Amino acid sequence: MEQGNLTGAIFLDFAKAFDTVDHGILLEKLKNSGIGDRTLTWFQSYVSDRSHYVSISGSSSLLLPVTCGVPQGSILGPLLFTIFINDLPNVCKASTVHMYADDTVIYTSKPNLPQLEAVLQEQFTEVEKWIKNNKLFLNTDKTVTMLFGTAPKLHKLQNPHLCVGTKSNGTLTTVTSLKYLGMWLDPNLSFGPHIEKLSSKLYPKLGALYRNKSCLSPAVRKQIVQQMLMPAIDYGDVVYAAAPQTHLHKLTTLYNSLCRFALQCNYMTHHCDMLKELNWPSLESRRTLHLSSLVFKSISGKLPPYLNRLLPPAAPSSYNLRSRTSTLLAIPQYKKTVARSSFSYRAPQLWNNLPDTIKSSPSLKSLKSSILTYLNTECTCKHVT
């Protein structure tokens with residue numbers, strides 16, 4: 001978006017992914033990954049000679065052999081499937097591939113729609129060949145495309161959708177919102193749909209809790225909010241924190257409602273008073289805490305390389321005398337607002353502005369405690385919510 005390009009993505013949906021893994025191909029891939037013959041024999045024993053049946057109300061079906069697939073519900077199953085599809089990116093040389101188990105997305109960026117469709121079509125054709133060769137099955141009805149770009153760029157398109165054909169002469173559906181790894185994506189990456197879905201999911205749960213409030217003690221109400229409802233708000237907040245304030249304010253209103261339920265106070269109670277009584281930080285402080293913790297983990301070498309690459313250290317010449325004792329991060333030079341809302345921009349900017357005493361914390365626990373103390377300032381609000 002910063003470069004004025006369009007980005008097209010294909011979200012793959014494998015049909016019964018874990019159940020269709022071919023044992024012969026899996027063992028061959030395990031061998032190619034460096035596993036020795038003796039260990040390979042153990043894996044062969046693990047996946048072969050299995051059978052299954054169905055039992056209902058004391059009646060059982062006949063035993064049937066399991067001729068393919070990895071054992072679901074096992075610790076090893078997802079790892080074996082990951083190894084099985086690990087060579088998929090090899091056929092996508094002109095695009096980027098992200099995989100998390102069977103959730104796979106292929107995407108690339110080009111200046112205009114025709115170039116973008118040409119590359120994605122070529123890549124998808126190669127993917128279909130790979131799927132056929134590996135005896136997997138693609139659910140073309142649930143495999144969809146999505147077009148990303150700035151609002152002005154997308155508005156200029158007469159028909160803002162991607163045309164990517166399948167081997168069955170069909171065309172993949174283009175969607176304008178999609179849930180991927182728990183996050184609702186939209187073409188402008190505004191994360192408005194994500195916040196709307198999150199709110200519509202939590203408000204009914206809060207309503208059900210209110211209807212049963214007489215059965216719940218104050219301690220239980222507080223625990224329910226902390227352990228059942230807040231994890232949904234916290235999930236992915238380092239990403240959706242880039243949303244416009246109009247969207248984030250909806251979550252703040254929801255958060256205030258959760259506080260009122262925990263305390264059973266009336267609507268006129270100021271939210272700062274509720275947070276103080278509960279000893280909870282504001283949503284903005286929570287997001288600052290989570291983003292800072294992620295940066296700290298990166299500096300400590302506890303994040304994977306693909307995240308570390310987004311947070312390079314600043315050049316020595318940019319260090320000032322006051323900050324020589326702590327790590328400063330490079331802030332990319334972005335011109336567009338949408339780019340400045342990205343993780344690679346917000347994270348180092350936030351980190352560099354923290355006091356040196358916080359950035360030099362000896363542990364993550366110490367960092368969190370210092371940040372909460374640092375953010376615990378007096379309320380300056382002029383209105384009641």
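Predicted model only: the values in this text are computed from it and were never measured. Below, all heavy atoms of this structure are taken into account, side chains as well, without hydrogens, waters or symmetry copies.
- Without hydrogens or angle criteria, H290 side chain to R286 main chain gives a donor-acceptor distance under 3.5 Å.
- Nearest approach of L367 to F296, heavy atoms of both residues: CD2-CB, 3.6 Å.
- Side-chain heavy atoms closer than 4.5 Å link hydrophobic residues (I, L, V, M, F, W, Y) into clusters, and following such links, possibly through other members, connects V295 to L350.
- Interatomic distance, S370 OG to K365 NZ, rounded to the nearest 0.5 Å: 12.0 Å.
- T7 is not listed as a side-chain neighbour of T108, based on a closest heavy-atom distance of 4.5 Å or more.
- Note on F11: it does not cluster hydrophobically with L136, by side-chain heavy-atom contacts below 4.5 Å among ILVMFWY residues.
- The closest side-chain donor-acceptor pair between S298 and N308 falls under 3.5 angstrom.
- With a 4.5 Å cut-off on side-chain heavy atoms, P187 and M146 count as touching.
- You'll find the side chain of F18 reaches within 4.5 Å of the side chain of P78, heavy atoms only.
- Judged by distance alone, the side chain of S292 and the main-chain N or O of L289 form no donor-acceptor pair under 3.5 Å.
- Side chain of S55 to main chain of S60: no donor-acceptor pair is present (N/O by atom type, distance under 3.5 Å, no hydrogens or angles).
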Worked verdict on R221 versus L209 for side-chain contact (heavy atoms from CB on, under 4.5 Å): CA-CA 9 Å; R221 290 198 301 270; L209 290 171; over 6 Å; no
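- Within the 3.5 Å criterion, the main-chain N or O of C215 finds no donor-acceptor partner in the side chain of N212.
- Contact check for W184 versus E196: no side-chain heavy atoms found under the 4.5 Å cut-off.
- For the pair S300 (side chain) and K297 (backbone), a donor-acceptor distance under 3.5 Å is absent.
- Residues Y345 and L294 do not share a hydrophobic cluster, defined by chaining ILVMFWY side chains whose heavy atoms lie under 4.5 Å apart.
- Residue K302 qualifies as open at atom NZ: its count of foreign heavy atoms under 6.0 Å is 12 or below.
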Show the atom names and distances, to 0.1 Å, of all donor-acceptor pairs under 3.5 Å that link a side chain in residues 111-126 to residues at least two apart or in another chain.
unit_1: N112; atom_1: OD1; unit_2: Q115; atom_2: N; d: 2.9
unit_1: E117; atom_1: OE2; unit_2: C163; atom_2: N; d: 2.9
unit_1: Q121; atom_1: OE1; unit_2: G165; atom_2: N; d: 2.6
unit_1: Q121; atom_1: NE2; unit_2: T125; atom_2: OG1; d: 3.4
unit_1: Q121; atom_1: NE2; unit_2: G165; atom_2: O; d: 3.1
unit_1: Q123; atom_1: OE1; unit_2: K93; atom_2: N; d: 3.4
unit_1: Q123; atom_1: OE1; unit_2: A94; atom_2: N; d: 3.3
unit_1: Q123; atom_1: OE1; unit_2: S95; atom_2: OG; d: 2.9
unit_1: T125; atom_1: OG1; unit_2: Q121; atom_2: O; d: 2.9

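- Taking the centre of each ring, Y107 and H98 come in below the 6.0 Å mark.
- Separating the CG atom in L258 from the OH atom in Y203 is a distance of 8.0 Å, to the nearest 0.5 Å.
- D186 and S190 form a side-chain donor-acceptor contact under 3.5 Å, judged by distance and modelled atom types alone.
- Of the possible donor and acceptor atoms, none in the side chain of K29 sits under 3.5 Å from a partner among the backbone N and O of I83.
- F261 does not carry K213 over the face of its six-membered ring by the limits of under 6.0 Å from the centre and within 45° of the normal.
- Not one N or O on the side chain of R340 forms a donor-acceptor pair closer than 3.5 Å with the backbone of R346.
- Annotation for I25 and D22: closest pair N-OD1, 2.9 Å, computed over non-hydrogen atoms.
- When each of V66, L80, L30, V21 is paired with V47, the side-chain contact (heavy atoms from CB on, under 4.5 Å) condition holds for L80 and for no other.
- Contact of the R50 side chain with the P65 side chain is not registered, since no non-hydrogen atoms from C-beta on lie closer than 4.5 Å.
- Counted within 6.0 Å of CG on L64, heavy atoms from surrounding residues, nucleotides or ligands total more than 12; the atom is thus considered enclosed.
- Between the side chain of D103 and the backbone N or O of M99 there is no donor-acceptor pair closer than 3.5 Å.
- Considering CG of L26 and SG of C68, their distance stands at 11.5 Å, rounded to 0.5 Å.
- The shortest distance between side-chain heavy atoms of L229 and K205 falls below 4.5 Å.
- For the atom pair CG (L198) and CE (M183), the distance works out to 9.0 Å, reported to the nearest 0.5 Å.
- Using the six-membered ring where Trp is involved, F191 and H194 have ring planes that are perpendicular, over 60° apart on the 30 and 60° scheme.
- In terms of heavy-atom proximity, L6 sits nearest to G149 at CD2-CA, 4.4 Å.
- One N or O on the side chain of S342 and one on the backbone of A339 form a donor-acceptor pair closer than 3.5 Å.
- For the residue pair T269 and N266, a side-chain donor N or O sits within less than 3.5 Å of a side-chain acceptor on the partner.
- No single ILVMFWY cluster, assembled from side-chain heavy atoms under 4.5 Å apart, contains both L172 and F148.
- Shown here for K368 and S293, the closest heavy-atom pair between the two residues is CE-OG, 3.6 Å.
- No donor-acceptor contact under 3.5 angstrom links the side chains of T166 and T140, judged on distance only.
- Between the side chain of T174 and the backbone N or O of L162 there is at least one donor-acceptor pair closer than 3.5 Å.
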Q245/H249 under side-chain contact (heavy atoms from CB on, under 4.5 Å): CA gap, chis, key distance, verdict: CA-CA 6 Å; Q245 285 300 318; H249 182 71; 5.7 Å; no
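- Counting heavy-atom neighbours within 6.0 Å of Q72 CD, excluding the residue itself, gives a total above 12.
- Between L157 atom CG and N159 atom CG the span is 8.5 Å, to the nearest 0.5 Å.
- Residues V105 and A9 approach most closely at CG2-CB, 4.0 Å, considering heavy atoms.
- A donor-acceptor contact closer than 3.5 angstrom is absent between the side chains of K153 and N5.
- Clustering ILVMFWY residues whenever any of their side-chain heavy atoms sit less than 4.5 angstrom apart, transitively, puts L202 in the very cluster that holds L251.
- Side-chain atoms of I35 and F43, non-hydrogen and from C-beta on, do get closer than 4.5 Å to each other.
- Environment of CD in Q349: crowded, with over 12 heavy atoms of neighbouring residues, nucleotides or ligands closer than 6.0 Å.
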From CA spacing to verdict: salt bridge (charged side-chain N to carboxylate O under 4.0 Å, His left out), K276, D273: CA-CA 5 Å; K276 185 176 181 179; D273 295 332; over 6 Å; no
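- Counting non-hydrogen atoms of neighbouring residues, nucleotides and ligands closer than 6.0 angstrom, the CG atom of L63 exceeds 12 such neighbours.
- Within the 4.5 Å cutoff, side-chain heavy atoms of D234 are placed close to those of D237.
- Under 3.5 Å, the side chains of S282 and S285 contain a donor-acceptor pair of N or O atoms.
- When the shell of 6.0 Å around CD of E284 is examined, it contains 12 or fewer heavy atoms from other residues, nucleotides or ligands.
- A pairwise comparison of heavy atoms in A17 and D102 identifies CB-CB, 3.7 Å as the closest pair.
- Taking CD1 of I371 as the start and NZ of K359 as the end, the distance is 11.0 Å to the nearest 0.5 Å.
- Counting heavy atoms of neighbouring residues, nucleotides and ligands inside a 6.0 Å radius, atom CG of N279 does not exceed 12 of them.
- Ring geometry for F81 against F14 counts as perpendicular: the plane angle is over 60°, on a 0 to 90° scale with 30° as the lower cut.
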